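All chains are named by letter (A, B, ...) in the order of the sequence lines, taking the proteins before the strands, and each is independently numbered beginning at 1. These numbers come from a predicted model, not from an experiment.
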There are 2 protein chains.
Amino acid sequence: MHRFLVLGHEAHTSPDFSLDDVPGTSGRIDVLARCAASAFLLSHGIRMDVELYLVLCGPSRPPRTIRMVGAELRHLNPDERSTAALFLRALQIESIAESMSTPGIYVSGMGFAKLLETLGGPFILLKEDGEDMRNHRVPRDAIFVLSDHIDFNEEDEKALMAHDPAVLSLGPRSLHSNQCITIVHNELDRREATV
Amino acid sequence: MHRFLVLGHEAHTSPDFSLDDVPGTSGRIDVLARCAASAFLLSHGIRMDVELYLVLCGPSRPPRTIRMVGAELRHLNPDERSTAALFLRALQIESIAESMSTPGIYVSGMGFAKLLETLGGPFILLKEDGEDMRNHRVPRDAIFVLSDHIDFNEEDEKALMAHDPAVLSLGPRSLHSNQCITIVHNELDRREATV
């Protein structure tokens, strides 16, 4: 299983944004939509063996966690708008306990620290100055933790570091979170193919 | 310089599509928009050392080639809609000779075979059954040639094979073209960093 967690610092937690201007009205839910596309989409199909956690921390009722499960997903399209529409639908659910919004998409009132605690690890934090991922033995079912376009704040980083994550780098350039997901998949795919 | 060429088999060559439904109305110009984002965008900035050629072959006046130059680009945003809007603007230009549409974006009436001939190579064709890119010495300024969501047809492939491209694979899974661009960048970035 390839597992990812992305923190959306300002991502709206109410279904109050416009699909005609997702970047401008949603606290950058477009970033999370691209992460979902990178996490689940192959050239002709969906990666079944993937789980993605999106933690949304923006207005008006933070936090919300959207959990996406590859084996259950139906009809995830590569364009941002249709994925943002799925998130819009998920955000219409207000319950704190996890409930299913559409097949493979679950939503709850969990926040970042609590989610880390529930998942338990092993976590991997991607950072430019980390150890090269290509030289690191990644534990099975490790959860790669990424931030959106805004860096982790002190509190988030403290919550994560309490779980003693491996700190890994993907290469010399600083990339978008969806690009990082693509590169992590590729490295894990290669390893799994040679087992 | 990292160079990419993406063939958009059905991508509209007239500015006749809707930004509210790019996947459904443009012959999948959203695929090309995602390729542009992967080709040019770093976490906080634009890759200056990139050139991207998009060959559009859909209705109503094919072919059109959009050439994007990292060093000249202004304001490329990561969302698909705003990039599709730049393409819409480029397609308003009807001349066969290349002209600039917006900074760093040029458009002409060149087709795939003619473009290959003009560029001259060295070309690299990405294919699942190719040699592993990690084991291949990529020539300087090589042009990575990709197709959109539709495979190359016989005529396109023949035109490309006439230029004797290296045929390389990025890994065991079949990926979207924008994901391939991300992985190629990462591999080239790593090599350039260790020179």
### Query
Among B/D21, B/L19, B/L175, who wins on heavy-atom pairs under 4.5 Å with chain A?
B/L175
### Query
A/M100 versus A/I105: any side-chain heavy-atom pair under 4.5 Å?
no
### Task
Heavy atoms only, distances under 4.5 angstrom: which of A/V31, A/D79, A/V22 has the most pairs with chain B? Name it, please.
A/D79
### Query
Is it the case that more than 12 heavy atoms not belonging to A/R61 sit under 6.0 Å from its CZ atom?
yes
### Query
Is it the case that more than 12 heavy atoms not belonging to B/R134 sit under 6.0 Å from its CZ atom?
yes
#### Entry: Lys/Arg cation over aromatic A/Y106: A/R67, 6.0 Å, 45° cone
yes
### Query
Do the non-hydrogen side-chain atoms of B/Y53 and B/I66 ever get within less than 4.5 Å of each other?
no
### Query
Can you name the one residue among B/V50, B/L54, B/T102 that meets side-chain contact (heavy atoms from CB on, under 4.5 Å) with B/M68?
B/L54
### Message
Let's test your reading of the structure: which of A/H149, A/R47, A/R81 forms the most heavy-atom pairs below 4.5 Å with chain B?
### Response
A/R81
### Task
Select, from A/P23, A/S82, A/S43, the one with the greatest count of heavy-atom pairs under 4.5 Å involving chain B.
A/S43
### Query
What part of A/P78 is in contact with chain B, defined as an atom under 4.5 angstrom from a non-hydrogen atom: side chain, backbone, both or neither?
both
## Note on the structure
Whatever's closer than 4.5 Å to a heavy atom in chain B on A/H185 counts as neither
### B/D30, part contacting chain A, at a heavy-atom distance under 4.5 Å
side chain
### Task
Please look at A/D20 and chain B and tell me whether the side chain, the backbone, both or neither of the residue comes under 4.5 angstrom of a heavy atom of that chain.
both
### Task
Tell me, for A/D132 versus chain B, whether the close heavy atoms (under 4.5 Å) come from the side chain, the backbone, both or neither.
side chain
### Message
For A/E155, is the CD atom crowded, meaning more than 12 foreign heavy atoms sit under 6.0 Å from it?
### Response
no
#### Entry: A/A33, part contacting chain B, at a heavy-atom distance under 4.5 Å
neither
